[in-house]
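Report on the following structure.
Numbers here simply count residues along the sequence, with the first being 1.
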Amino acid sequence: QVQLVESGGGLVPAWGSLRLSCAASRRTVSSYTMGWFRQAPGKEREFVAAISWSGDSIRYADSVKGRFTISRDNRQQNTVYLQMSSLKPEDTASYYCAADRRWGSKWYQDPPGIMDYWGKGTLVTVSS
C-alpha cells in the first residue's frame with residue numbers, strides 16, 4: 001500500500017505564494033502519474049495539475065495556468081510539488097495529492113476518474 005502525505009498548506013494573503021509537497025511512501029510511485037486536486041467548501045473536487053512519471057507531460061486546469069507550477073523529484077523520496085503564485089481567495093481549498101498508473105483524461109475529466117492513491121489533503125486559505 002502506498003501512502004501519500006501532503007504538506008505546505010497554510011494561510012497566505014492574496015497575491016502571495018505557497019509551495020505544496022506530496023511525499024510517497026514507496027518508490028513504486030516513480031512510475032506513476034502524480035497530481036493535485038482541490039476541494040473548496042460546498043464544492044466538488046476539481047483537477048488542478050498533473051505530471052507524468054517522466055515529467056514530460058504536464059497539464060493544468062485553466063483556472064491555475066500561468067500561476068501554478070507542478071514538478072516532481074523521483075530521485076530519492078518520490079515527491080511531487082505544487083508551486084502556487086499570485087494566489088487568489090478563490091484558490092482557498094483543501095488540496096489533495098493523487099497518484100495513478102495512467103496518464104490521461106481520467107485526471108482532468110469532470111468528475112475525475114478513480115485514482116489508485118490519494119493523500120489526506122492540506123488546507124490552503126487565501127485571505128483577501
- Restricting to pairs with a member in residues 13-69, which pass disulfide bond (SG atoms under 2.5 Å apart), not counting sequence neighbours? Cys22-Cys97
- Please round to the nearest 0.5 Å and tell me the distance separating atom CG of Leu20 and atom OG1 of Thr79. 13.0 Å
- Query: Can you tell me how far CZ of Phe47 sits from OG of Ser105, rounded to the nearest 0.5 angstrom?
  - Reply: 11.0 Å
- Query: Got a second to check how far Leu123's CG is from Gln39's CD, nearest 0.5 Å?
  - Reply: 12.0 Å
- Query: Which atom pair, heavy atoms only, marks the closest approach of Ser128 to Ala14?
  - Reply: CA-CB, 4.4 Å
- Nearest atoms (heavy-atom pairs only) where Ser86 meets Ser17: N-OG, 4.4 Å
- Task: Could you walk me through whether Arg72 and Trp53 pass side-chain contact (heavy atoms from CB on, under 4.5 Å), step by step?
- Result: CA-CA 8 Å; Arg72 68 187 295 166; Trp53 70 271; 4.2 Å; yes
- Task: Check each of Tyr32, Trp36, Phe37 against Trp107 using the ring-ring contact (aromatic ring centres under 6.0 Å, His included) test, and report the only one that passes.
- Result: Phe37
- Message: Salt bridge or not between Asp73 and Arg75? Use side-chain N to carboxylate O under 4.0 Å.
- Response: yes
- Under a 4.5 Å side-chain heavy-atom rule over Ile, Leu, Val, Met, Phe, Trp and Tyr, are Val2 and Val5 clustered together? no
- Taking all non-hydrogen atoms of both residues into account, name the closest pair between Asn78 and Ser30 and its distance. OD1-CB, 3.2 Å
- Quick one: pull up OG in Ser7 and OH in Tyr95 and give me the separation to the nearest 0.5 Å. 15.0 Å
- Query: Just by distance, do the side chain of Asp116 and the backbone of Arg101 share a donor-acceptor pair under 3.5 Å?
  - Reply: yes
- Partner of Met84 under side chain to side chain contact (heavy atoms under 4.5 Å, CB included), picked from Val126, Val48, Leu18, is Leu18
- Message: Just so I know, are the side chains of Tyr96 and Met115 near enough to count as touching, which here means a heavy-atom distance under 4.5 Å?
- Response: no
- Query: Does Gln109 CD have over 12 foreign heavy atoms under 6.0 Å away?
  - Reply: yes
- Could you go through the side-chain contact (heavy atoms from CB on, under 4.5 Å) check for Val124 and Arg38 one step at a time? CA-CA 9 Å; Val124 173; Arg38 67 185 182 186; over 6 Å; no
- Is it the case that more than 12 heavy atoms not belonging to Gln83 sit under 6.0 Å from its CD atom? yes
- Message: When you group the ILVMFWY residues by side-chain heavy-atom contacts below 4.5 Å and let the links chain together, are Tyr60 and Val80 in the same group?
- Response: yes
- Rounded to the nearest 0.5 Å, the OG1 atom of Thr33 sits from the NZ atom of Lys106 at a distance of 9.0 Å
- Just wondering, do Gln1 and Tyr117 contact through their side chains at under 4.5 Å, heavy atoms? yes
- Note on the structure: Interatomic distance, CE@Met34 vs CG@Leu82, rounded to 0.5 Å, equals 12.0 Å
- State whether Lys88 and Asp91 are salt-bridged, where the test is any N-O pair (Lys NZ or Arg NE/NH1/NH2 against Asp/Glu carboxylate O) under 4.0 Å. no
- Task: Can you tell me which residue pairs pass the salt bridge (charged side-chain N to carboxylate O under 4.0 Å, His left out) test with a partner in residues 4-19, sequence neighbours excluded?
- Result: none
- Task: Could you check if a side-chain atom of Trp103 sits within less than 4.5 angstrom of a side-chain atom of Ile51, using non-hydrogen atoms only?
- Result: no
